[in-house]
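For reference, the structure discussed in these notes is given below.
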Amino acid sequence: MLDTRQLEVFATVARTGSFSAAARELHCTQPAISQQMRALERHVGGPLFVRTGRGLTLTEAGRILAERGTALLDQLAATHQQISAIAMHDIGTIRICAFPSANVSLVPVAAAILAKERPQLRLELVEEEPPESFALLRSGTADVVISFSYRGEPQDEAAVAGMLRVPLMREPLALLLPAGHRLAGRERVSLAETEGERWIAGCPRCQRALHDACAEAGFAPDITCSTDDNLAIQSLVTAGLGVALVPRLLLSFLQHPGLTTVEVESSAERETALYTWPDLIRLPLMRATVDAMVTAAATA
């Protein structure tokens, strides 16, 4: 059996690239790190590192151990967190990881519901997008993940393996325009009518959705700027630097009076879902949190 402490040290060495850097991060001495790694190499029966100048390079055995060992440590952390919560029959803190527009729209509404129904519950909020958010749930850093995907986007089954998925909402995409734009004032437009416009794009997944929607309409978007900051997108559109294709959830916190939105004739849509572990949903506070999030999504 591999020693989990040695695995943790090894994972840190592999990530930082040296014994000295790992020692600093783990707040111990370099000889202690070296001793742990020599013991691990004896246990596996061969070298895990090759010295290259001042740093270290993983051998093939080291590369495999780094890849699988990190996943194993994440699974152990998640398992420990779940078992600890269930053993206590309930938990007083729910850690929610959500993407930016959910953190400023769905999460506050759900939190207000919980504040009335479960005043003893404490929420901790983290902001992250998929697939990184799934890694936080798997490592035990988060209890609930609010994630999104676009229509037609392939799902990474390995990232969500074993997790419970609760659909929250489907959002059509809307066109974000500066006031005075030629399409402003229309109730609905065809995406094909935007051919020739300059575009402000969002995160990488949002950019792919934009490309797919425009391809369906028969053209390729001319993206002049991209950012994952929703307020920055609003500012750039207001300044006349381009138009943007945004989910409906983003419209709930428009900040600029110089903006307008128009519905778009397109099959493009974004789906938001909640992920947690099946065993955690048995806890009353977790069940209440999921129910509050479903209610918040229904009223969004």
Side-chain angles (χ1 to χ4, degrees), residues 96 98-113 115 123 125-129 146-151 168-214 217 219-272 292-293 295-300:
I96 300 175
F99 57 93
S101 56
N103 254 345
V104 297
S105 53
L106 296 182
V107 174
V109 174
I113 294 171
L123 297 180
L125 307 181
V126 178
E127 187 172 289
E128 191 61 83
E129 296 188 354
I146 310 300
S147 178
F148 70 88
S149 60
Y150 286 95
R151 182 175 181 177
L168 293 179
M169 61 189 301
R170 289 182 178 272
E171 309 164 73
L173 304 186
L175 192 62
L176 195 60
L177 304 167
H181 189 277
R182 63 183 179 87
L183 297 176
R186 301 264 298 273
E187 283 190 13
R188 192 175 181 86
V189 300
S190 165
L191 196 57
E193 295 180 72
T194 65
E195 184 174 5
E197 294 285 347
R198 295 180 301 172
W199 289 87
I200 309 299
C203 68
R205 299 177 78 180
C206 302
Q207 289 183 46
R208 287 194 295 271
L210 173 62
H211 278 285
D212 290 346
C214 291
F219 68 96
D222 176 16
I223 298 177
T224 59
C225 184
S226 60
T227 174
D228 57 4
D229 186 323
N230 289 320
L231 290 179
I233 291 175
Q234 296 180 36
S235 297
L236 291 166
V237 172
T238 301
L241 298 178
V243 300
L245 194 64
V246 298
R248 188 182 65 189
L249 208 56
L250 185 64
L251 307 184
S252 64
F253 57 96
L254 291 180
Q255 300 294 319
H256 292 280
L259 286 177
T260 187
T261 61
V262 178
E263 291 186 15
V264 175
E265 295 174 3
S266 171
S267 63
E269 63 178 8
R270 185 176 75 171
E271 183 173 5
T272 299
M293 203 65 67
T295 300
T299 59

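Throughout, numbering of the chain's residues begins at 1 and tracks the sequence. Keep in mind that this is a model prediction, so the values were computed, not measured.
Listed here is the closest heavy atom pair of V264 and A174: CG2-C, 4.0 Å. Nearest heavy-atom pair across P178 and V243 is CD-CG1, 4.4 Å. Minimum heavy-atom separation, A268 to A213: CB-CB, 3.9 Å. The minimum heavy-atom distance between I146 and A102, with the atom names listed, is CG2-CB, 4.0 Å. In plain terms, the two heavy atoms of W199 and A244 that are nearest each other are CZ3-C, 3.9 Å. Closest non-hydrogen pair, V109 versus A296, comes out as CG1-CB, 3.7 Å.
Residues passing the salt bridge (Lys or Arg N to Asp or Glu O under 4.0 Å) test with E263 are R188, sequence neighbours excluded. Not counting sequence neighbours, the partners of A209 by the side-chain contact (heavy atoms from CB on, under 4.5 Å) test are Y150. Listed by chain and number, the residues in a side-chain contact (heavy atoms from CB on, under 4.5 Å) with R170 are E269, E271 (sequence neighbours excluded). In terms of the side-chain contact (heavy atoms from CB on, under 4.5 Å) criterion, A179 has no residue partners (sequence neighbours excluded). For T227, the side-chain contact (heavy atoms from CB on, under 4.5 Å) partners at least two apart in sequence or on another chain are D229, A232, I233, L236.
The distance from atom OG1 of T260 to atom CG of L177, rounded to the nearest 0.5 Å, is 6.5 Å. Between the CG atom in L191 and the OG atom in S267 there is a gap of 9.5 Å [rounded to 0.5 Å]. Between T272 atom OG1 and F99 atom CZ the span is 4.0 Å, to the nearest 0.5 Å. Interatomic distance, CG of L245 versus CG of L175, reported as 6.5 Å (0.5 Å rounding). Interatomic distance, SG of C203 versus CZ of F148, reported as 4.0 Å (0.5 Å rounding). For the atom pair L249 CG and L106 CG, the distance stands at 5.0 Å (nearest 0.5 Å).
In this structure, V126 and I96 have side chains that are not in contact, with every pair of non-hydrogen atoms separated by 4.5 Å or more. Residues I223 and L210 form a side-chain contact, since some pair of their non-hydrogen atoms from C-beta on lies under 4.5 Å apart.
Judged purely by atom type and a 3.5 angstrom limit, R198 uses its side chain to pair as donor or acceptor with the backbone of G240.
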Candidate pair E193 and R182, rule salt bridge (charged side-chain N to carboxylate O under 4.0 Å, His left out), full reasoning: CA-CA 10 Å; E193 295 180 72; R182 63 183 179 87; 5.6 Å; no
Check the pair E129 / C206 against side-chain contact (heavy atoms from CB on, under 4.5 Å), numbers first and verdict last. CA-CA 11 Å; E129 296 188 354; C206 302; 6.0 Å; no
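Within the structure, side-chain hydrogen bond (donor to acceptor under 3.5 Å, both in side chains) pairs that include any residue of residues 203-213 comprise E153-R205 (at least two apart or interchain).
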